[in-house]
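In what follows, a single structure is set out as structure tokens and then discussed.
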Amino acid sequence: MRRAIFPGSFDPVTNGHLDIIERGCKLFDEIIIAILVNPEKKPMFTIDERREMIAEVVMSIKQNQCRLLVEDFRGLLVQYAVERSADAIVRGIRAISDYEYELQMALMNRRLEPRIETVFMMPAEVYSYVSSRLVKEVFLLGGSVEGLVPPSVEERMRKKNGLK
Ligand SMILES: Nc1ncnc2c1ncn2[C@@H]1O[C@H](COP(=O)(O)OP(=O)(O)O)[C@@H](O)[C@H]1O
Ligand SMILES: [Mg+2]
């Protein structure tokens, strides 16, 4: 049984995240989508809302391919990964600009916990410029985010911001 952790803020979950989860499902028997509780950030959605949104949208991923769990965690990622007996941490790489930071994190995590491997995955090109941050920015300025996030997430963004 191979278990991976896919950690992130997921504020909100995008089609880019889903693309990585689907690809990860080809490599792992189980993926724990782990929402980082970060009191420093000012999020659009609460942890509970984010968990609900992820649970909703991953149902569309064939559950026979791999098992998907949604959890939240605080503190050191590698410590959480060990507690959950994970083999690997999955991270998405969109562009070279992601690589530098991700490499640094991966090497630090390896130093802290050599048993856990970091696996980088590339999304489909159409998602290579999609980030939760940019999706929120475009949405709040009145632009369309259709196709960048699942319809249920778009709906929640409208409700959250008092739009119809
Ligand atoms: N469009 C995308 N394509 C591929 N990977 C992505 C995309 N958006 C985010 N990711 C990856 O998903 C993971 C979680 O991202 P995010 O929710 O922004 O949390 P974090 O705060 O850790 O960056 C990261 O590995 C990030 O690189
Ligand atoms: Mg990010």
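Order of appearance sets the numbers: ligands from 1, and atoms from 1 within every ligand. Index from 1, following the sequence.
Ion pairing of Glu56 with Arg156 is present here, as a side-chain N (NZ or NE/NH1/NH2) and a carboxylate O approach within less than 4.0 Å. Look at Lys136 and Asp11 and you find a salt bridge, because one of the NZ, NE, NH1 or NH2 atoms lies within 4.0 Å of a carboxylate O, short of that distance.
A distance-only check finds a donor-acceptor pair linking the side chain of Arg3 to the backbone of Arg84 [under 3.5 Å].
Note: Tyr99 and Phe120 have perpendicular aromatic rings, judged against thresholds of 30 and 60 degrees for the angle between ring planes.
In this structure Phe139 satisfies the ring pair (Phe, Tyr, Trp, His ring centres under 6.0 Å) test with no other residue, sequence neighbours excluded.
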Ligand 1: which protein N/O atoms lie under 3.5 Å from its N/O atoms?
unit_1   : atom_1 : unit_2 : atom_2 : d
ligand 1 : 1 (N)  : Tyr127 : O      : 2.8
ligand 1 : 1 (N)  : Val130 : O      : 2.8
ligand 1 : 8 (N)  : Arg94  : NH1    : 3.3
ligand 1 : 15 (O) : His17  : NE2    : 3.4
ligand 1 : 17 (O) : Ser9   : N      : 3.1
ligand 1 : 17 (O) : Phe10  : N      : 2.9
ligand 1 : 17 (O) : His17  : NE2    : 3.1
ligand 1 : 19 (O) : Ser9   : N      : 3.0
ligand 1 : 21 (O) : Ser9   : OG     : 2.8
ligand 1 : 22 (O) : Arg91  : NH1    : 3.0
ligand 1 : 22 (O) : Arg91  : NH2    : 3.1
ligand 1 : 25 (O) : Arg91  : NE     : 3.2
ligand 1 : 25 (O) : Gly92  : N      : 3.0
ligand 1 : 27 (O) : Gly92  : O      : 2.6

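Closest non-hydrogen pair, Arg51 versus Asp48, comes out as NH1-OD1, 3.0 Å.
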